[in-house]
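Heads up: the structure comes next, in structure tokens.
A note on names: the letters A, B, ... follow the listed sequences, proteins ahead of strands, and every chain is numbered from 1.
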There are 2 protein chains.
Amino acid sequence: MAAKTDDSGPVLPPAIESAWGLRERPPKGPRPGMSVPTIVDAAVRVADADGLAAVSMSRVAKELGAATMALYRYVGSKDELLMLMVDTGYGPSPGPPPPHDDWRAGLTRWAWAEHDVLRQRPWLLHVPISGPPITPQQLGWMEDGLRCLDGTTLAEGEKMSVLLLLTGYVRNEATLTSQIAEGSRATGVEPSEMMPAYGRLVARLIDPARFPALHRVLGAGVLNQDDDPDDEFTFGLDRILDGVEALIRRRAG
Amino acid sequence: MAAKTDDSGPVLPPAIESAWGLRERPPKGPRPGMSVPTIVDAAVRVADADGLAAVSMSRVAKELGAATMALYRYVGSKDELLMLMVDTGYGPSPGPPPPHDDWRAGLTRWAWAEHDVLRQRPWLLHVPISGPPITPQQLGWMEDGLRCLDGTTLAEGEKMSVLLLLTGYVRNEATLTSQIAEGSRATGVEPSEMMPAYGRLVARLIDPARFPALHRVLGAGVLNQDDDPDDEFTFGLDRILDGVEALIRRRAG
DNA sequence: GCATAACAGCGTACGCCATACGCAGAGGAG
DNA sequence: CTCCTCTGCGTATGGCGTACGCTGTTATGC
């Protein structure tokens, strides 16, 4: 016999289902004083102001003038709240690529959009990711990325791999630059002096005979000039897109 | 006047300095019952067995038959212990590239070496990275990576960028596959059924009219076939190295 | 040989965290 | 009017990192 529906699949936490607009409010009982979006917005506000480490259930509750345990009527756990924070933290996807952009321009725009979000909200990088995206806006980003590759001859699986490659790069690059900013704030050193100081430290530690290549890099003053971090981002992005281009050309034969 | 030494630079935690063999043991007082490497090894053992979340100061102390607070005579904080765990967790670098390998073969070997380490010790991915590498073995990895690019015409800064790009990719890919493994362990689902289950879930959630590209990808069964994750890794790696190759060719002009 | 001072080990205590549980009251449904 | 469900939340538990200070050990200076 065939099953009636395929709903027996993986179960979604209630708060996530409501993010997809699936849950209707039960008619009984007192009217709720808050809502999932209210809570998530408050949590995002806390993270924006004081970083992800400041986001505790009690702190979010204080932000709302409520008691800590009241939140658990709306979200099942802190992890669930974090997942929802990521969804609203990323915000709406950048939209489909402009009609006459080729895939490369489209993906560049897409990557820069994520880049900008992560520069605005570095705490997104500290949220431990526990699985593939299942929230509406996250999947919206995916959709818009896939559309950039619509006109190409890549296989569907390859399109997916390319997006994974790109988003991984963007996150990685953002992590590195945000570490510099955070380290600078923690130690009181000027952001522009952060990498040079690191260079001097490493130069003091290493033996040039055992680390010749590293010593040469330091000698070239690589860490001394403070490049525009956006140039660094563009460099890696272009390397990856060059690699994708090589693949597309090969597939197009 | 010139300063006597340049030691006035950034201060290194004592435990890290001892990892570089800089600290000598003071002559007075009772003989230490443990040592920094003993503690770090115990912590790595705990992480190997039960994951990074199980690594608490008290758990590590129990592993050594000592009291929790005894550890603080050797490491300044848990964060310091984590940094040392990363150093010994990665282990010694894969060594300089074989003499007749070109840069591409060398970097491929280098990337696979990190890949293998991260497959063996997925907890390394969960350690919050707080700055650029300053421990001996970490810098050893960097050195070996740089040597792979020795024969090329890339600028020193470009070599560094390429390594950053690569290691970021390796870590990202490892994160994704380890998430599947962890999710499978947490939910009891077969690892090979993890992605198909995810595909069915997304298919149930999205409206094909609003997510046409995503719907097409799912329809193509991209998530259904369980590819060898090593193939996926190779795919992205080759894309990146293709991009690097394009750059090297342009620089060689 | 003895006093001294540095140091190892660690017991206690503090403040913070996530969250299980159960109670009080609100407010539609019958 | 009664019941039953749902909201808000107070209390309590068990974990965490770690500051502080005590006890006992040990090599050195006298």
Side-chain angles (χ1 to χ4, degrees), chain A residues 13-15 17-18 23-40 42-43 46-47 49-85 123 126-128 130 186, chain B residues 13-15 17-18 23-40 42-43 46-47 50-86 123 126-128 130 186:
Chain A
E17 285 209 328
S18 89
R23 269 259 194 302
E24 72 274 23
R25 175 167 141 55
K28 306 236 257 183
R31 252 168 259 99
M34 4 182 193
S35 70
V36 177
T38 317
I39 294 173
V40 175
V46 171
D50 297 335
L52 191 69
V55 176
S56 69
M57 297 305 272
S58 70
R59 172 72 190 275
V60 174
K62 197 166 296 174
E63 191 80 9
L64 292 167
T68 306
M69 292 310 292
L71 305 185
Y72 284 94
R73 292 278 174 210
Y74 298 86
V75 294
S77 68
K78 188 183 178 180
D79 283 346
E80 218 175 284
L81 174 58
L82 287 174
M83 189 188 290
L84 294 166
M85 284 176 68
W123 55 264
H126 297 318
V127 179
S130 58
Chain B
E17 284 209 330
S18 89
R23 268 259 194 304
E24 72 274 22
R25 170 162 145 58
K28 307 238 258 187
R31 250 168 261 98
M34 6 181 193
S35 70
V36 176
T38 318
I39 293 173
V40 175
V46 171
D50 297 333
L52 191 69
V55 177
S56 69
M57 297 307 271
S58 71
R59 172 72 190 275
V60 173
K62 197 168 294 175
E63 191 79 9
L64 292 166
T68 306
M69 292 311 292
L71 305 186
Y72 284 94
R73 291 278 175 210
Y74 299 86
V75 295
S77 68
K78 187 183 179 182
D79 283 345
E80 218 175 283
L81 174 58
L82 287 175
M83 189 188 291
L84 294 165
M85 285 177 68
V86 170
W123 54 265
H126 296 316
V127 179
S130 57

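What separates CG of A:Leu81 from P of C:dT19 is a distance of 10 Å, to the nearest Å. Separating the NZ atom of A:Lys62 from the P atom of C:dC16 is a distance of 9 Å, rounded to the nearest angstrom. Going from atom CG of A:Leu82 over to atom P of C:dC17 covers 14 Å, rounded to whole Å. What separates CE of B:Met57 from C1' of C:dG11 is a distance of 16 Å, to the nearest Å. Counting to the nearest Å, the C1' atom of C:dC17 and the CZ atom of A:Arg59 are 15 Å from each other.
Residues A:Ser56 and B:Ala67 both approach DNA chain C. Their nearest nucleotides, taken by heavy-atom distance, put B:Ala67 toward the 5′ side. Each of A:Ala66 and B:Lys78 lies near DNA chain D, and the nucleotide nearest A:Ala66 is the one positioned closer to the 5' end.
Here C:dG28 is the nucleotide among C:dG11, C:dG28, C:dG9 with the atom lying nearest to any side-chain atom of A:Arg31. Each of C:dC10, C:dA6, C:dA18 was ranked by its minimum atom distance to the side chain of A:Tyr72; first place goes to C:dA18. Among C:dG9, C:dA26, C:dC7, the nucleotide with an atom closest to any side-chain atom of B:Met34 is C:dG9. Distance from the side chain of B:Ala70 is smallest for C:dC10 among the nucleotides C:dC10, C:dT19, C:dA29. Checking C:dA8, C:dG28, C:dA18 against every side-chain atom of B:Arg73, the shortest atom distance belongs to C:dA8.
For A:Ser58, a side-chain nitrogen or oxygen approaches OP1 or OP2 of C:dC17 to under 4.0 Å.
Rounding to the nearest 0.5 angstrom, the gap separating the OG atom in B:Ser77 from the CE atom in B:Met83 is 8.0 Å. Put simply, CE on B:Met57 and CD1 on B:Ile39 are 7.5 Å apart, with the number rounded to the nearest 0.5 Å. Atom CG of A:Asp50 is separated from atom CH2 of A:Trp123 by 13.0 Å, given to the nearest 0.5 angstrom.
Here the side chains of A:Leu81 and A:Met85 are in contact, with some heavy-atom distance below 4.5 Å. Here the side chains of A:Met34 and A:Leu71 are in contact, with some heavy-atom distance below 4.5 Å. Looking at heavy atoms from C-beta onward, B:Pro14 lies out of side-chain contact with B:Glu17 at the 4.5 angstrom threshold. B:His126 is not listed as a side-chain neighbour of A:Pro128, based on a closest heavy-atom distance of 4.5 Å or more.
Within 4.0 Å of B:Thr68, counting heavy atoms only, lies at least one base atom of the nucleic acid.
In the 5' to 3' direction, nucleotides of DNA chain D lying under 4.0 Å from heavy atoms of chain B begin and end at D:dC16 to D:dA27.
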